[in-house]
Number of protein chains: 2
Amino acid sequence: MYYTHMNEMRRPEAMRLGGLIMMAGKTVVAQLHEALDEVNLSGPKLFALRYLDQAEKAMRITDLAGCIGSGKSNVTQLVDRLESDGFVQRARDPDDRRGVTVELTRRGRRHYQDGKKIVEQAEEEIMSIFTSVERAQLEAYLRRLIDDPPEN
Amino acid sequence: MYYTHMNEMRRPEAMRLGGLIMMAGKTVVAQLHEALDEVNLSGPKLFALRYLDQAEKAMRITDLAGCIGSGKSNVTQLVDRLESDGFVQRARDPDDRRGVTVELTRRGRRHYQDGKKIVEQAEEEIMSIFTSVERAQLEAYLRRLIDDPPEN
DNA sequence: TGTGTATAGTACATATATAAACTAGATTTG
DNA sequence: CAAATCTAGTTTATATATGTACTATACACA
């Protein structure tokens, strides 16, 4: 008989709370990502488009980075990809020639609306395993975790 | 995928449950990462070392990928870095010449013990905002979320 | 037994993220 | 005003992750 290695699966039952939270986050990310594939978007792209949509005008790279909560070099790359998708366009800021502004194209706005619907549906489906009371309680726990950083 | 973007910076209060879970995951990841910097480790590296330590023998790449919950090409790269850190060593599997086994070095085992202590302390600190009853309940919610993936 | 197929790991392309170095332009200050 | 300094964005290097293609080996079966 040929010796086959059994795939030792992950063992969430052996995991503690910290690991479970990370794994839950990863699970949600993965499911939204899969749902978004349909409209040629990813989570990061959708969230960038969301801020650009909410802003209703051209945004500076630095401001977008602030909203997203990441560094500027990340946003440079993200905007590169969004630009080659045709979802946004860059322009020089006339008030500060160092600055670059980013704005949704019509196509980008349309795509964002599609992605938004999909994410809302997917999120609702994921959370459908909880009652509204449970959701409220889980939400309260998570807010405490996020708002009480041990040293921030 | 990292999805730092789930941050939704200025307005966690406007976030729904899905976003909160992703943000909580990111928070925990970031805090463990920061704590681990001390011993020249990262979350993914520590995670891999943990399985190698538990196995107590050389592990196959595929099995490690199964434990970690990622693809093999990711593990190839991770093992490359761990090998150049001197924490693990590869060998050909004598029973299957296609196979590669990975094993902790003495240095890797020592580093893992250091990292383990640090992570346990950091995790305990993060979770210290919850009572043990609350932890149990949060844990139960998260397990349901992880164990009940909506069909896909 | 030889050929077709499956599997293991790697290589390559790409996406996402961080950090540091660099460039161009703006601001401060002597 | 000119020199020093700061800031905006990009570039570059690296880490992490996914998916696909490729190579070598193992297995299956006619």
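- The side chain to side chain contact (heavy atoms under 4.5 Å, CB included) check on Val100(B) picks up Ile61(B), Arg90(B), Arg92(B), with sequence neighbours excluded.
- A straight line from CZ of Arg97(B) to C1' of dA26(D) spans 12 Å, rounded to a whole angstrom.
- Pairs passing the ring pair (Phe, Tyr, Trp, His ring centres under 6.0 Å) check and including a residue from residues 101-124 of chain A, sequence neighbours excluded, read Phe87(A)-His111(A).
- Atom CD of Glu34(B) and atom P of dT18(C) are 13 Å apart (whole Å).
- Between Glu134(A) and Arg144(B) a salt bridge is recorded (basic side-chain N to carboxylate O distance below 4.0 Å).
- Atom NZ in Lys45(B) sits about 10 Å away from atom C1' in dT14(D), given to the nearest Å.
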Contacts table for residues 114-122 of chain A: side-chain donor-acceptor under 3.5 angstrom, sequence neighbours left out:
none

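- A straight line from CG of Asp93(A) to C1' of dG9(D) spans 12 Å, rounded to a whole angstrom.
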Writing each nucleotide of DNA chain D 5' to 3' as (, ), [, ], | or . by Watson-Crick or G-U pairing under 3.5 Å yields ||||||||||||||||||||||||||||||
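- Within the 4.0 Å cut-off from OP1 or OP2 of dT16(C), at least one side-chain nitrogen or oxygen of Arg81(A) is found.
- Summarising the geometry, the separation between CG on Leu41(A) and C1' on dT16(C) is reported as 15 Å, rounded to the nearest angstrom.
- Qualifying side chain to side chain donor-acceptor pair (under 3.5 Å) partners for Arg97(A), counting only residues two or more places apart in sequence or in other chains: none.
- Counting to the nearest Å, the C1' atom of dA15(C) and the NE2 atom of His33(A) are 9 Å from each other.
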Taking N or O atoms only and anything under 3.5 Å, show me the protein contacts with nucleotides 9-12 of chain C, one pair per line.
residue : atom : partner   : partner atom : Å
dG9(C)  : OP1  : Arg60(B)  : NE           : 2.8
dG9(C)  : OP1  : Ile61(B)  : N            : 3.3
dG9(C)  : OP1  : Val100(B) : N            : 3.1
dG9(C)  : OP1  : Val100(B) : O            : 3.0
dG9(C)  : OP2  : Thr62(B)  : N            : 2.8
dG9(C)  : OP2  : Thr62(B)  : OG1          : 2.0
dG9(C)  : N7   : Lys72(B)  : NZ           : 3.0
dT10(C) : OP1  : Arg90(B)  : NE           : 2.8
dT10(C) : OP1  : Arg90(B)  : NH2          : 3.3
dT10(C) : OP2  : Thr76(B)  : OG1          : 2.7

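- Side chains of Leu52(B) and Glu103(B) form no contact here, defined as non-hydrogen atoms less than 4.5 Å apart.
- Each salt bridge (charged side-chain N to carboxylate O under 4.0 Å, His left out) pair with one or both residues in residues 39-50 of chain B, not counting sequence neighbours, appears once here: Lys45(B)-Asp85(B).
- The separation between Phe47(A) atom CZ and dT16(C) atom P is 13 Å, rounded to whole Å.
- Between Asn40(A) atom CG and dT14(C) atom P the separation is 15 Å, expressed in whole Å.
- When the side chain to side chain donor-acceptor pair (under 3.5 Å) test is applied to Glu124(A), the partners found at least two apart in sequence or on another chain are Arg135(A).
- Applying the side chain to side chain donor-acceptor pair (under 3.5 Å) criterion to Arg110(B), with sequence neighbours excluded, gives no partner residue.
- Out of dA8(D), dA17(D), dA8(C), the shortest distance to the side chain of Asp96(B) is found at dA8(C).
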